[in-house]
Amino acid sequence: MHMLKKYGALMVLLMTLPFAQFIATKLMTEDASAAYSYIPQESDFVIEINTRNFINELAFQRIYNEEYFMDRTYDTEEEDPEPKFSENGIDPFGKIMIFREQWAQESIWFSIIKYTNEDDIRRFIKERQPEARIVFDADYAIIQLTSSKQQANIDDHLEKIRTKAVKPFTERVNLIEVFDPTKEINAYIFPKNTAYNDLLDGHLSFDFLNDRILIDGTFSPVSGYQLKEPIAYAIDDKAGMSLRSSMNILNSIYWFNEEKIEDLPDYRQMAIDYYGIDCQLIHRNKGFSTPFMSFPNLNLNIDMNERKIWQGFLDTLEANGQIQMDTIQANQFNTSEGAHFEYLLSNQQFQLRQDSFDLQLAEPSNVYFDLVMKPEAMLDGTVFSIHETYPPSQLEQRMGLIVAGSILKQIRDFTNMEKISFQLTADNSEAIDAHGQIDMKEKKGHSMVESLTFGTGALIFLSGLK
């Protein structure tokens with residue numbers, strides 16, 4: 001009789017799944033523009049998470065792939081495990097919006113979440129990001145995700161967002177027309193406007209499949225942009241990270257972080273291969289901003305147009321204290337963070353390296369930017385040790401290596417991506433197409449469940465570093 005009841009309950013679940021999907025897609029038709037109206041016009045990054053799409057697939061995984069789902073979403077180490085994501089106060093049928101604004105050399109990230117219970121969502125957010133600030137209106141929570149040195153001004157801004165006293169982003173871009181509701185994540189990007197940046201704006205969509213996530217999108221070049229030569233060098237499959245570009249978009253490396261390389265001079269080709277890093281714990285009196293002297297196993301090659309411009313760029317970095325030229329060994333420098341490089345500057349090339357390297361020519365293509373990352377290989381190439389000449393105290397050595405090893409382990413625990421690839425291609429200068437793929441390590445699960453686990457783990461890890 002017990003077994004009969006068990007299978008009877010399962011049949012009820014199976015029958016309610018299609019009904020739940022119908023409710024999510026047909027009856028719970030939230031006004032698509034409701035969450036958009038809170039996003040300030042000056043935002044340069046807008047990300048939309050369509051939670052309904054996630055709910056449908058997560059419900060399917062809960063029923064048809066129960067063991068895997070329970071392992072990834074429950075604290076299995078506990079005797080009576082609690083679900084990691086229960087009672088979070090988030091309305092499962094509302095969109096989650098994330099956006100970024102630039103504030104006087106600060107990148108401030110915010111989120112807009114439709115909520116069902118104010119106490120639950122406040123607790124859920126604070127447990128994962130203790131420094132987060134939250135304000136509420138009748139339906140939405142507006143959350144400041146990153147801290148600021150000018151918090152009083154940000155608090156005032158949060159209140160203006162809550163009352164919709166700022167001009168909305170939709171006056172700049174009609175997100176209803178741009179964002180695809182069938183995709184799990186959509187993003188709109190306004191790269192920093194500089195003289196050296198080739199891209200004006202663009203949008204990306206993320207389609208979550210079983211063991212991978214597909215990325216597609218389009219970028220608009222700046223006015224008068226002339227299509228350049230495609231990438232000249234082939235990707236290095238042995239590298240943990242390999243990048244090739246014939247477009248000047250690396251100035252927009254601060255799409256994600258305001259700590260940036262600013263006004264990187266014009267170049268014809270860029271090639272970067274990263275294999276790992278040797279981080280040597282060094283005495284504090286050496287004056288670096290971190291306790292490590294690091295030797296990145298990195299090869300960077302830039303085919304340039306004018307040597308004097310790049311020489312001036314290096315001189316500016318040195319004058320601003322961002323790098324320090326080695327007075328003993330020629331053509332070597334340290335960064336303020338303690339990274340050590342050998343460099344070469346000739347009439348046509350600028351290189352950073354630890355040793356000499358060779359580049360292989362690429363096959364003819366219409367690819368103008370190519371990136372391949374293998375997170376596990378990057379972690380495998382990360383080594384912590386003690387600086388032989390300038391070691392810190394024995395206590396600092398023990399504590400430093402313990403902390404470093406712990407951080408590396410935490411990163412490994414939630415790094416569930418096997419490979420990330422991304423390309424920008426073009427057939428003419430009117431539009432740049434974006435295509436990418438994120439391959440997950442787990443082949444018998446689903447990328448939604450993996451991403452849910454990764455996102456929460458990353459948030460907890462980052463909050464723990466502060």
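Side chain of T382 to backbone of M378: a donor-acceptor contact under 3.5 angstrom is found. Judged by distance alone, with hydrogens and angles left aside, the side-chain atoms of Q269 form a donor-acceptor pair with the main-chain N or O of P230 at under 3.5 Å. Proximity of a side-chain donor or acceptor of Y115 to a complementary backbone N or O of R122 within less than 3.5 Å is not detected. Side chain of S294 to backbone of P296: no donor-acceptor contact under 3.5 angstrom is found. R268 contributes a side-chain N or O that, together with a main-chain N or O of M304, makes up a donor-acceptor pair within less than 3.5 Å. Checking side-chain atoms of Q144 against main-chain N and O of F110 turns up no donor-acceptor pair under 3.5 Å. In this structure a side-chain-to-backbone donor-acceptor pair under 3.5 Å is missing from E131 to S147. Judged purely by atom type and a 3.5 angstrom limit, K374 has no side-chain atom pairing as donor or acceptor with the backbone of A239. In this structure, the side chain of S242 engages the main chain of D236 through a donor-acceptor pair within 3.5 Å. Between the side chain of T146 and the backbone N or O of W109 there is at least one donor-acceptor pair closer than 3.5 Å.
Taking the charged nitrogens against the carboxylate oxygens, K441 and E376 do have a contact shorter than 4.0 Å, which makes a salt bridge. Between R172 and D44 there is no salt bridge, since no side-chain N of the basic residue sits under 4.0 Å from a carboxylate O of the acidic one. Between R123 and E118, none of the side-chain N atoms (NZ, or NE/NH1/NH2) sits under 4.0 Å from a carboxylate O, so this pair counts as no salt bridge.
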For this session: Kindly indicate, with the supporting measurements, whether the criterion side chain to side chain contact (heavy atoms under 4.5 Å, CB included) is fulfilled by I134 and I125.
Result: CA-CA 9 Å; I134 312 173; I125 296 298; 3.9 Å; yes
Exercise. H203 and I189: side chain to side chain contact (heavy atoms under 4.5 Å, CB included), yes or no, with the steps?
Worked result: CA-CA 6 Å; H203 58 89; I189 307 164; over 6 Å; no
For this session: Dump the intermediate steps for ring-ring contact (aromatic ring centres under 6.0 Å, His included) on F313 and F350, then the final yes or no.
Result: CA-CA 11 Å; F313 175 65; F350 172 70; 7.6 Å; no
Exercise. Between L424 and V367, does a side chain to side chain contact (heavy atoms under 4.5 Å, CB included) hold up when you go through it step by step?
Worked result: CA-CA 6 Å; L424 296 177; V367 179; over 6 Å; no
Problem set entry | Chi angles and distances behind the side chain to side chain contact (heavy atoms under 4.5 Å, CB included) call for V46, M97 | CA-CA 7 Å; V46 176; M97 306 300 303; 3.8 Å; yes
Problem set entry | Verdict with reasoning, Y225 to E430, per side chain to side chain donor-acceptor pair (under 3.5 Å) | CA-CA 8 Å; Y225 175 74; E430 296 178 359; over 6 Å; no
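K160 NZ: 12 or fewer foreign heavy atoms inside a 6.0 Å radius.
Side chain to side chain, Q102 and S107 meet the donor-acceptor criterion of an N or O pair below 3.5 Å. Using a 3.5 Å distance cut-off with no hydrogens or angles, the side chains of Y368 and Q423 do not pair a donor with an acceptor. Residues S148 and E106 have side chains that bring a donor and an acceptor to within less than 3.5 angstrom of each other. Side chain to side chain, N301 and D303 meet the donor-acceptor criterion of an N or O pair below 3.5 Å. At a cut-off of 3.5 Å, with distance as the only test, a side-chain donor of H157 or E101 sits close to an acceptor on the other residue. No donor-acceptor contact under 3.5 angstrom links the side chains of N299 and D273, judged on distance only. Defined by atom type and a distance below 3.5 Å, a donor-acceptor pair is present between the side-chain atoms of Q437 and D439. Inspection of the N50 and K95 side chains reveals an N or O donor paired with an N or O acceptor under 3.5 Å. With hydrogens and angles left out, the side-chain atoms of Q280 and D278 include a donor and acceptor closer than 3.5 Å.
Atom CZ of F219 and atom CD1 of I432 lie 10.0 Å apart (nearest 0.5 Å). Expressed to the nearest 0.5 Å, how far OH of Y233 lies from CG of D358 amounts to 11.0 Å. If you take CG on N88 and CG on D120, they are separated by 8.0 Å, rounding to the nearest 0.5 Å. Atom-to-atom distance recorded for S220:OG and F190:CZ is 9.0 Å, nearest 0.5 angstrom. Note that OG of S245 is 8.5 Å distant from NZ of K228, once rounded to the nearest 0.5 Å. One distance of note links CD1 of I121 with CG of N117; it measures 9.0 Å at 0.5 Å rounding.
Residues E48 and L175 are not in side-chain contact: their nearest non-hydrogen atoms beyond the backbone lie 4.5 Å or more apart. Using a 4.5 Å cut-off on side-chain heavy atoms (C-beta onward), L209 and L214 make contact. At a threshold of 4.5 Å between non-hydrogen side-chain atoms, the residues M247 and L199 count as touching.
Smallest separation of non-hydrogen atoms from S43 and F169: O-CE1, 3.4 Å. Nearest heavy-atom pair, R244 versus I235, reported as atom, atom and distance to 0.1 Å: CG-CD1, 3.8 Å. Of all the heavy atoms in M440 and K443, the pair that sits closest is O-NZ, 2.8 Å. Across every non-hydrogen atom of Y140 and A35, the tightest pair is OH-N, 3.7 Å. For the residue pair I215 and L204, the shortest heavy atom distance occurs at CG2-CD2, 4.3 Å.
The aromatic ring centres of F384 and F292 sit less than 6.0 Å apart.
Among I96, I142, D139, the single residue meeting the side chain to side chain contact (heavy atoms under 4.5 Å, CB included) criterion with I113 is I96. When each of V173, I112, T170 is tested with I39 by the rule side chain to side chain contact (heavy atoms under 4.5 Å, CB included), just one qualifies, namely I112.
Ring-plane geometry between F179 and Y188 is classed as tilted, the angle between the planes lying from 30 to 60 degrees on a 0 to 90 degree scale.
K183 forms no cation-pi arrangement with F206, by the criterion of a distance under 6.0 Å to the ring centre and an angle within 45° of the ring axis.
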